[in-house]
Amino acid sequence: MTELSLPPHLHVIQLSWGYLYSAALHAVVEIGVADRLESGPRSAASLAEELGVEAQPLHRALRLLATAHVFSEDDDGRFHLTPSADVLRKNAPGSMRDAVLMLAHETFWAPAGKLATTIRTGKTPFTEIFGAPFFDILEKNPEFGRIFHRGMAGFSDTENAPIAASFDFGRFEKIVDVGGGHGGFLIEVLGKNPKARGVLFDAAHVLREARIAAAGLEGRCELATGDFFQSAPGGDCLILKRILHDWTDESAIAILRVCRRALAEGGRVLVIDAVIPRGNAPHPGKELDVLMMASLPGRERTEEEFREMFAAADLRLERVVPTPSALSIVEASAAPSR
Ligand SMILES: C[S@@+](CC[C@H](N)C(=O)[O-])C[C@H]1O[C@@H](n2cnc3c(N)ncnc32)[C@H](O)[C@@H]1O
């Protein structure tokens with residue numbers, strides 16, 4: 001979207017209205033346009049008639065998205081699926097529909113619209129806008145909860161297999177995915193490691209949509225509900241994937257202490273999060289980091305910051321294992337007792 005070759009004044013204009021792409025994308029996904037193009041190209045008028053929406057605004061949203069390679073319009077005014085439009089279909093393999101509905105949802109964009117408040121105060125305005133902190137709202141408002149947890153599962157599906165293949169889980173007997181959502185990552189790990197047993201640990205309302213049984217793993221994987229600030233199921237591998245980045249250092253250390261207590265002797269805590277590199281190069285962790293400060297009290301971290309947090313929870317950073325995704329596996333063992 002942003003061409004570095006643009007002159008500076010056009011460059012900042014382009015950045016300033018970048019949210020319009022997000023808005024148009026969210027709208028056409030919510031309306032379900034991509035599914036209607038599966039059988040071939042169609043005009044905005046024909047799509048609008050079937051979808052019960054207004055043809056002219058639909059055409060304008062699609063025309064903007066076509067400039068970003070999501071849909072393309074031919075000379076007869078018919079819109080086609082492009083590869084980036086195809087993944088918006090509900091039944092597309094690796095569909096990104098739910099991920100778009102989550103990432104471009106008001107729970108993220110409304111607080112991001114008040115980022116100056118966060119920068120001034122150091123606190124997200126999320127509670128003022130929605131009435132309760134992020135994860136409380138997901139429990140109180142079932143629609144928001146569904147959008148987030150399905151979106152999170154769809155978003156994570158793109159990275160779960162390559163991350164699971166980047167680490168030797170074969171030496172563990174009992175692998176606990178703490179805050180594991182619907183279980184997509186644990187299913188990949190258990191699928192590659194047939195001798196291991198698993199525990200999927202999350203809030204009760206999240207586990208209602210767990211995929212463990214559908215994956216045929218209920219014989220090897222338990223579901224456990226609870227609060228990871230209080231306790232976690234015991235095991236020799238405790239996974240925290242995309243968890244610590246939701247929280248302040250103080251809360252993250254509290255979660256790590258709980259994991260440390262639940263860790264069997266010789267076991268490992270695996271924090272799977274972005275590890276922010278130095279320098280100006282783009283990194284998806286830098287976008288996620290701002291998302292975390294807009295809607296949550298969280299942040300992405302550097303290797304050194306992980307090392308310090310581990311030490312505060314009586315853990316020792318062993319190594320950082322890169323993966324083909326935007327996330328790394330930060331491996332920690334129990335620190336020798338002091
Ligand atoms: C960002 S999602 C990550 C989900 C999953 N690990 C993944 O990578 O897709 C954070 C998860 O933490 C869970 N969670 C938040 N607070 C929790 C708590 N206090 N106790 C247990 N789980 C919690 C949420 O329900 C959610 O599934």
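Counting starts at 1 for both ligands and their atoms, in listed order.
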Considering only non-hydrogen protein atoms, determine which one is nearest to [atom] and report residue, atom name and distance to 0.1 Å.
atom                    : result
atom 7 (C) of ligand 1  : Ser156 OG, 3.4 Å
atom 4 (C) of ligand 1  : Gly179 O, 3.3 Å
atom 8 (O) of ligand 1  : Lys241 NZ, 2.8 Å
atom 1 (C) of ligand 1  : Arg242 O, 3.2 Å
atom 24 (C) of ligand 1 : Asp202 OD1, 3.5 Å
atom 16 (N) of ligand 1 : Phe228 CZ, 3.4 Å

TODO: Could you check whether the rings of His182 and His149 sit parallel, tilted or perpendicular, using 30° and 60° as the cut-offs?
DONE: tilted
With a cut-off of 4.0 Å, which atoms of ligand 1 are near a heavy atom of [X]?
X      : result
Asp246 : 1 (C), 10 (C)
Gly181 : 27 (O)
Asp227 : 18 (C), 19 (N), 20 (N)
Ile243 : 10 (C), 11 (C), 12 (O)
Phe229 : 19 (N)

- [ ] Would you check whether Gly226 reaches within less than 4.0 Å of ligand 1, judged by its heavy atoms?
- [x] yes
Open item on the list: Looking at ligand 1, would His149 count as a contact under a 4.0 Å heavy-atom criterion?
Closed with: yes
Could you tell me whether the side chain of [X] and the main chain of [Y] form a donor-acceptor pair under 3.5 Å?
X      : Y      : result
Arg89  : Glu38  : no
Asp35  : Lys90  : yes
Ser43  : Gly77  : no
Arg220 : Leu190 : yes
Thr121 : Lys123 : yes
Thr124 : Ala294 : yes

Once you restrict to heavy atoms under 4.0 Å, what part of [X] touches ligand 1? Side chain, backbone, both or neither.
X      : answer
Phe135 : side chain
Val206 : side chain
Val178 : neither
Ile272 : neither

- [ ] Before accepting this row, confirm whether a basic side-chain N of the pair Arg299/Glu305 lies closer than 4.0 Å to the acidic partner's carboxylate O.
- [x] yes
Task: Between CG on residue Leu101 and CG on residue Leu25, distance to nearest 0.5 Å - done: 9.0 Å
Open item on the list: Go through it in stages, so that I can follow the logic: the residues are Phe108 and Phe126, the test is ring-ring contact (aromatic ring centres under 6.0 Å, His included), and I'd like the CA-CA distance, side-chain angles, deciding distance and then a yes or no.
Closed with: CA-CA 9 Å; Phe108 285 124; Phe126 190 95; 8.3 Å; no
Open item on the list: Which option wins on minimum heavy-atom distance to atom 2 (S) of ligand 1: Met102, Met152, Gln230?
Closed with: Met152
Open item on the list: Counting neighbours of CD on Glu318 that are heavy atoms of other residues, nucleotides or ligands and sit closer than 6.0 Å, is the number greater than 12?
Closed with: yes
